[in-house]
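First up is the structure itself, then whatever we jot down about it.
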Number of protein chains: 2
Amino acid sequence: MSPKQPRGEETARRLLAAALEVHEHKGPEGFTVQAVTSTSGISLGSLYHHFGSFDGLAAALYARCMADLLDALIASLERTRTARTGVRAVVVAYLRFAEEQPAKARFIHASSYAGFLPAHTAAIAAAKAPRIERLQSWARPHAETGHIVDLPDPLTEMLLIGPVAETARRWLAGDPTIDLKQASRVLPERIWQSLRGPQE
Amino acid sequence: MSPKQPRGEETARRLLAAALEVHEHKGPEGFTVQAVTSTSGISLGSLYHHFGSFDGLAAALYARCMADLLDALIASLERTRTARTGVRAVVVAYLRFAEEQPAKARFIHASSYAGFLPAHTAAIAAAKAPRIERLQSWARPHAETGHIVDLPDPLTEMLLIGPVAETARRWLAGDPTIDLKQASRVLPERIWQSLRGPQE
DNA sequence: CCAGTACTAGAATATTTCTCTAGAAACTTG
DNA sequence: CAAGTTTCTAGAGAAATATTCTAGTACTGG
């Protein structure tokens, strides 16, 4: 399952890259084993050798894309000190990720209800957990000092990510009324207004 | 395409109901023509007679679910007068719709990137347009008087719907950390904070 | 009651899907 | 260099897919 020779690592990488390209160009319906093997030039057997199943490859790709997104958020966030600048940084970073890496963002969003997630929940959670932890440990002190509202656990995240994810989702789906630049100008301050705590 | 005999209308209804049930119980992957004909007890020929293609049926179901959701929002919204109560009403109504009609909500969310949408954009937009118009015409006066912030067009909607849609999405996907009751208690006021305008 | 239209039925078709197997080639280690 | 493991190729196979087609049944308007 995990490559033990450099050569294998390389072909696994190629398969993931090809899979992302296929999903981007042909959509979720055209996302098939054969399409991935054709555009990667790598045989069916190799794919099954490395990932066990097609769902296994999809799950691995999902974990990688999600990790890239979270890393982008973390990188922006950990340059900040105050609650307000942190919130604004995350919002802008998410929108920028969608704009600069639309294929990855589209794959993440399109896979929310995909069939491969339930089977590989554990592996995906393992990739997400440490990154989520870093984000939460940034937020915790600000919630305790009252600079950010102290809400039940996932709700703060919903308020922060919700508007941005919805904006990105529609833009990625081709909605022509969405302007990402405009969104990164307007949304940060408004989202901050929904998160600011009693302690100014 | 549109039924001209009462008998036809009835089987079209049964097909849509069966389609929703199949999608709910077997997920997007198990959402197939054969599954729909089996569980509805209605023949392949009838399905194609009424909807032209399987994508046609999916698009019709999507339009109907979306209409139901928007109608629920409108019904709650138009009982209100002030900007604040209106915003809160929409938030609560969306969460209640997800809880009471999870199958419809799940179908809507799961279809965001589905292949059938692009082909039937026009028909779906026709079902949505008048309802969206009613929602916007509620918001317009409040934006003009400054009780709600006057932002570029889709952004107000993103701030209002974003956190709620994300919360519903995760709950529908089986996230056990989401508590809808808690969300309808906390989110309305916070979302209002992000939307309130300069004119108090 | 007759003609024409709406509707229903179900088999047949042509593609396309994922998965598996068996063995050859390449690399690593002792 | 030799043994053992990893990686890769190629192709076969079984199951499932959306759609088309032909034929038959119910309804409706005149």
Side-chain angles (χ1 to χ4, degrees), chain A residues 1-23 25-62 110-111 114-120, chain B residues 1-20 22-23 25-62 107 110-111 114-120:
Chain A
M1 206 76 81
S2 53
K4 316 246 161 135
Q5 288 184 13
R7 166 176 62 133
E9 204 168 342
E10 170 62 19
T11 66
R13 213 187 308 279
R14 279 192 199 167
L15 282 169
L16 289 174
L20 187 60
E21 186 189 331
V22 165
H23 184 274
H25 286 47
K26 302 184 151 194
E29 333 270 313
F31 184 62
T32 72
V33 229
Q34 303 205 0
V36 172
T37 53
S38 316
T39 77
S40 67
I42 288 170
S43 73
L44 223 42
S46 293
L47 191 157
Y48 275 83
H49 175 73
H50 285 289
F51 297 100
S53 70
F54 189 55
D55 281 6
L57 179 144
L61 180 58
Y62 181 84
S111 302
F116 61 82
L117 283 180
H120 299 78
Chain B
M1 203 74 83
S2 54
K4 315 249 164 135
Q5 286 184 15
R7 166 176 62 133
E9 205 167 341
E10 171 61 20
T11 65
R13 213 187 309 278
R14 279 192 199 167
L15 282 168
L16 289 174
L20 187 60
V22 166
H23 184 272
H25 287 46
K26 303 183 149 193
E29 332 271 311
F31 185 62
T32 71
V33 227
Q34 301 205 3
V36 171
T37 54
S38 315
T39 77
S40 68
I42 287 170
S43 74
L44 223 44
S46 294
L47 192 157
Y48 276 82
H49 175 74
H50 287 287
F51 297 100
S53 70
F54 188 55
D55 281 6
L57 179 144
L61 180 58
Y62 181 83
F107 186 75
S111 302
F116 62 83
L117 284 179
H120 299 79

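Residue numbering restarts at 1 for every chain, and letters A, B, ... go by the order of the sequence lines. None of these values were measured; they are calculated from a predicted model. Worth knowing before you read on, the calculation uses all heavy atoms, side chains too, and leaves out hydrogens, waters and symmetry mates.
In this entry the distance linking CG of Leu44(B) with C1' of dT17(D) reads 11 Å, nearest Å. Between Lys26(A) atom NZ and dT16(C) atom P there is a gap of 10 Å when expressed in whole angstrom units. We find that CG of Leu47(B) is positioned 12 Å from C1' of dT8(C), with the value rounded to whole Å. Distance CD1 (Ile42(A)) to P (dT6(D)): 19 Å, rounded to an integer number of Å. Taking atom CD on Glu29(B) and atom C1' on dA15(D), their separation rounds to 16 Å, with Å as the unit. Protein atom CZ of Phe51(A) is 11 Å distant from nucleotide atom P of dC8(D), rounded to whole Å. One interatomic measurement links the two molecules: CZ of Phe31(A) to P of dT16(C), which rounds to 19 Å at whole-angstrom precision. Following rounding to the nearest Å, Leu15(B) (CG) and dC7(C) (P) show an atom-to-atom distance of 13 Å.
Among the atoms of the strands shown, only primed sugar atoms or phosphate atoms (P, OP1, OP2) are found under 4.0 Å from some heavy atom of Thr32(B). The residue Ser43(A) sits close to a base: some heavy atom pair falls under 4.0 Å.
Map Gly45(A) and Gly30(A) each onto its nearest nucleotide of DNA chain C; the residue landing nearer the 5' end is Gly30(A).
In this structure, the nucleotide among dT17(C), dT9(D), dT19(D) sitting nearest to the side chain of Gln34(A) is dT17(C). Side-chain atoms of His49(B) lie closest to dT8(C) of the nucleotides dC18(C), dT8(C), dT19(D). When each of dC7(C), dT9(D), dC8(D) is scored by its nearest atom to the side-chain atoms of Thr11(A), the top-ranked nucleotide is dC8(D). The His50(B) side chain lies nearest to dT8(C) when the options are dC18(C), dT17(D), dT8(C).
Between the side chain of Thr32(A) and the main chain of Ala35(A), a donor-acceptor pair closer than 3.5 Å is present.
With values rounded to the nearest 0.5 angstrom, Tyr48(B) atom OH is found 8.0 Å from Phe54(B) atom CZ.
Counting heavy atoms from C-beta on, the side chains of Ser53(B) and Phe116(B) never come closer than 4.5 Å. Side-chain contact between Phe51(A) and Leu61(A) is absent, with no heavy atoms from C-beta onward closer than 4.5 Å. Considering only heavy atoms from C-beta on, Ile42(B) stays 4.5 Å or farther from Leu47(B) through its side chain.
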